[in-house]
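Ligands are counted one by one from 1 in listed order, and the atoms in each one are counted from 1 as well.
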Amino acid sequence: MSISFTWLGHSAFTMEIDGHKILLDPFLTGNPLAAITPDQVDAELILLSHAHGDHVGDTIAIARRTGAKVVANAEIANWAQKQGVKSHPQNSGGGWDHGFVHVKQTIAFHSSSFPDGTYGGQPNGFVLTSKNRQRIYFAGDTALFSDMQLIGEAGVDIAFLPIGDNFTMGPDDALQAVKLIRPKYVVPMHYNTFELITVDVAGWANRINNETGAQPIILDPGGSYHL
Ligand code: NI
Ligand code: MN
């Protein structure tokens, strides 16, 4: 078994689970931190947390080129399918075994309209469980909510949490989230892309080290971590 991931900037990650490639919220075009261009990405699954432009990003172009399957809420999956892309609809609380990984959608407290203003369903996070029961929680864009404790009770190895404030949890609430989830590792996301979400990530990482049992993993755009 193995899990590795690369931060592409903002909330975009590539992840490799047991040799299979997953792409999360691939906002690359127009992302000032984007580590690579959309034509450099490979994926079997593309997971979308919600319909906002800074998450859907280059999904359609990448899915068309790679044949990747889009996994998202029913409204987003339907939208993707209409553009000739394979998709799998899920919704909050629902899980599905996608072969090499089980994907469960969690709630997220945010909004989810497409860039043209049409309804994008409910925003979500994801819990990914590998064949050997390693578990990843990708929170998406969300406020802090106490049910994160329930997500953590199942045992979370790595939590990906937004820390950028203004649109999502800020550093203080993300620290509280780590205390509720109790992951082994925590990866911050959705920060420093734009002026509105600029935060002191090093200061936050110090607090995670001092005040929680989790190990923060701070990546530069393009940086990878192997578990
Ligand atoms: Ni959003
Ligand atoms: Mn966002």
* Could you tell me whether D157 and R135 have a side-chain N and a carboxylate O separated by less than 4.0 Å? => no
* Test: R182 and E153 ion pair at under 4.0 Å ->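 Salt bridge flag = no for E153 with R182.
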* Asked: Would you say the side chain of L47 lies within less than 4.5 Å of the side chain of L23, judging by non-hydrogen atoms?
  -> no
* **Side-chain heavy atoms of I46 within contact of P26, under 4.5 Å** => yes
* Asked: Closest to the Mn ion (ligand 2), which N/O/S atom of D141 is it?
  ->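 Of all N, O or S atoms belonging to D141, OD2 is the one nearest the Mn ion (ligand 2).
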* For the Mn ion (ligand 2), find the closest N/O/S atom belonging to D54 and write down its atom name. => OD2
* Give the intermediate values and the outcome of side-chain contact (heavy atoms from CB on, under 4.5 Å) for residues T168 and T142. => CA-CA 5 Å; T168 68; T142 186; over 6 Å; no
* Asked: Within H190, is some N, O or S atom less than 2.8 Å away from the Mn ion (ligand 2)?
  ->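 A backbone or side-chain N, O or S atom of H190 is under 2.8 Å from the Mn ion (ligand 2).
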* Asked: the Mn ion (ligand 2) to H55: any N/O/S contact under 2.8 Å?
  ->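 Given the 2.8 Å cut-off, H55 counts as a ligand of the Mn ion (ligand 2).
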* Metal site angle (apex the Ni ion (ligand 1)), OD2 from D141 and ND1 from H52, 10 degrees ->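 My answer is 180°, to the nearest 10°.
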* To do: Tell me whether H50 has at least one N, O or S atom under 2.8 Å from the Ni ion (ligand 1).
  =>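 Checking the Ni ion (ligand 1) against H50, an N, O or S atom does fall under 2.8 Å.
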